[in-house]
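Notes follow the structure.
All ligand and atom numbering here is 1-based and tracks the order in the structure. Atom set for the values below is all heavy atoms of this structure, side chains included, hydrogens, waters and symmetry mates excluded.
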Amino acid sequence: MNEIYRPADRIASIRPSVIRQFFDRGKGSINLGLGEPDFFTPRSIRQRALEVLQKEKLPYTANFGLPQLREQIASWYPGATAENVLITAGSQEALFSAVLAFVNPEDEVLISDPAFLAYPALVQIAAGRISTYPMPAPGFHPDLLAVRTKMKRSPRMMLINSPSNPTGQTLSQDELQSLSAIASEGHCILVSDEIYREVYFTRRPASLWDVTQQHLVISGFSKTYSMTGWRLGWVVGPGEALGRINLIHAYAVTCASTLSQRAALAAFTAEGEREREDLRLQLNNRRDLMAQLLQTKVKLPFVAPQGGFYFMLDVSSFGKSLDVAERLLQGGVITVPGSAFGKNAEGFLRLSCSASEKDIEEGMDRISKVLSGRKK
Ligand code: PMP
């Protein structure tokens, strides 16, 4: 490789994600590795986008985002005002800007094991150090004693995620309360990634905002409204913190897409709300279908999601999760090995129920065919 393109030290050890590698090799396979719903964006939002395109110019918005949209998003967080909302290019950019705004080189950032793949990469980009606490199977809840112990090392930031990618499990209000208290005592910034909060099945998960307004909540439109490609997310938190995050955000992206922001205002109409509930119920059906087929066809233990789209299938009796995922890929179905998310998810595969019902059915058939009678 041309020496001129040697990577900066901060990215030298970042590798393309395992998920991406499986996707790239799985052309033509049933994809149960997906992290996005395959629905159209609600009609009211698409309609609004068409109207905006036809009738309006699309200049930059303020760095913080459209005031009306900030106000509407604030209405989802009791007691928040527009001043507490920064609009970003997806929650991924919100995470990026929040980490870059506060984490100095060598600072520790505390994350769970298992955790969303992007967290360690973002910490590496900030030249910080990753510190982990266990969220052991099969419950996948944080070991609060371990969090307390790790907090003694004075991490600068702690990233939590509820409902979780990959485990599908949610943090209870009590757990959020404890985590918030532990972080505050340790002068550590707590960042709660709640991108899957509205994709729930029986009970709407608690938000960190319900227990404290001192820390940061990150979320977005991607999963709730099937709007992954529109790149629209936000940070909710104290105005002072948002000002710092905005310094990174403004120089990285200027503002989130004006078209996406204007169209997203339609989400706050009665029609938009009805369509959002409809998407949630369709995902509920997919979850039920996958649970039923895992029981009747695949016949292996699994952890069903409380929120988000991810099932954790216990394949520990078949060998390493990476090897099992590889075998399934040969059998025409893409899954994600648990080991990609941390050692506490080893022995599991992450399966997404955001695929179509037809794909879920075919995927379950293929999995049961590949795994039947092939224990290690
Ligand atoms: N957080 C988690 C836990 C995710 O799974 C994802 C998407 N895979 C994101 C953040 C980023 O989502 P977006 O940038 O589309 O809002």
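Inclusion of T228 in the set of residues having an N or O under 3.5 Å from an N or O of ligand 1 is not warranted. Polar contact with ligand 1: absent for E93 (N/O pair, distance under 3.5 Å). The shortest N or O to N or O distance between N165 and ligand 1 is below 3.5 Å. Inclusion of R231 in the set of residues having an N or O under 3.5 Å from an N or O of ligand 1 is warranted.
Distance alone, capped at 3.5 Å, is enough to place a donor-acceptor pair between the S219 side chain and the E194 backbone.
Taking a 4.0 Å cut-off on heavy atoms, Y196 registers as neighbouring ligand 1. In this structure, S91 counts as a contact residue of ligand 1, since one of its heavy atoms falls inside 4.0 Å of the ligand.
Within ligand 1, counting atoms from 1 as listed, the ones closer than 4.0 Å to a heavy atom of N161 are 3 (C). Listed by atom number, the atoms of ligand 1 under 4.0 Å from G90 heavy atoms are 14 (O), 16 (O). Using a 4.0 Å cut-off to heavy atoms of S222, the atoms of ligand 1 that qualify are 13 (P), 15 (O), 16 (O).
A donor and an acceptor atom, one from each side chain of N84 and R70, are nowhere located under 3.5 Å apart. Q169 and S164 form no side-chain donor-acceptor contact under 3.5 Å, judged by distance and modelled atom types alone.
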Handout entry: Derivation and outcome, side-chain contact (heavy atoms from CB on, under 4.5 Å), residues W234 and Y77
Key = CA-CA 12 Å; W234 61 81; Y77 298 89; 3.0 Å; yes
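The CG atom of L265 sits 11.0 Å away from atom OG of S44, with the distance rounded to the nearest 0.5 Å.
Nearest protein heavy-atom neighbour of atom 7 (C) of ligand 1: K223 NZ, 2.9 Å. Of the protein's non-hydrogen atoms, F116 CZ, 3.5 Å is the one closest to atom 4 (C) of ligand 1.
Annotation: cation-pi geometry not satisfied between R197 and W209 (NZ/CZ under 6.0 angstrom from ring centroid, within 45° of ring axis).
The aromatic rings of Y119 and F116 stand perpendicular to each other, their planes meeting at an angle above 60°, with 30° marking the opposite boundary.
F348 has its ring centre less than 6.0 Å from the ring centre of F140.
Between L34, L159, L232, D193, it is D193 that holds the heavy atom closest to atom 1 (N) of ligand 1.
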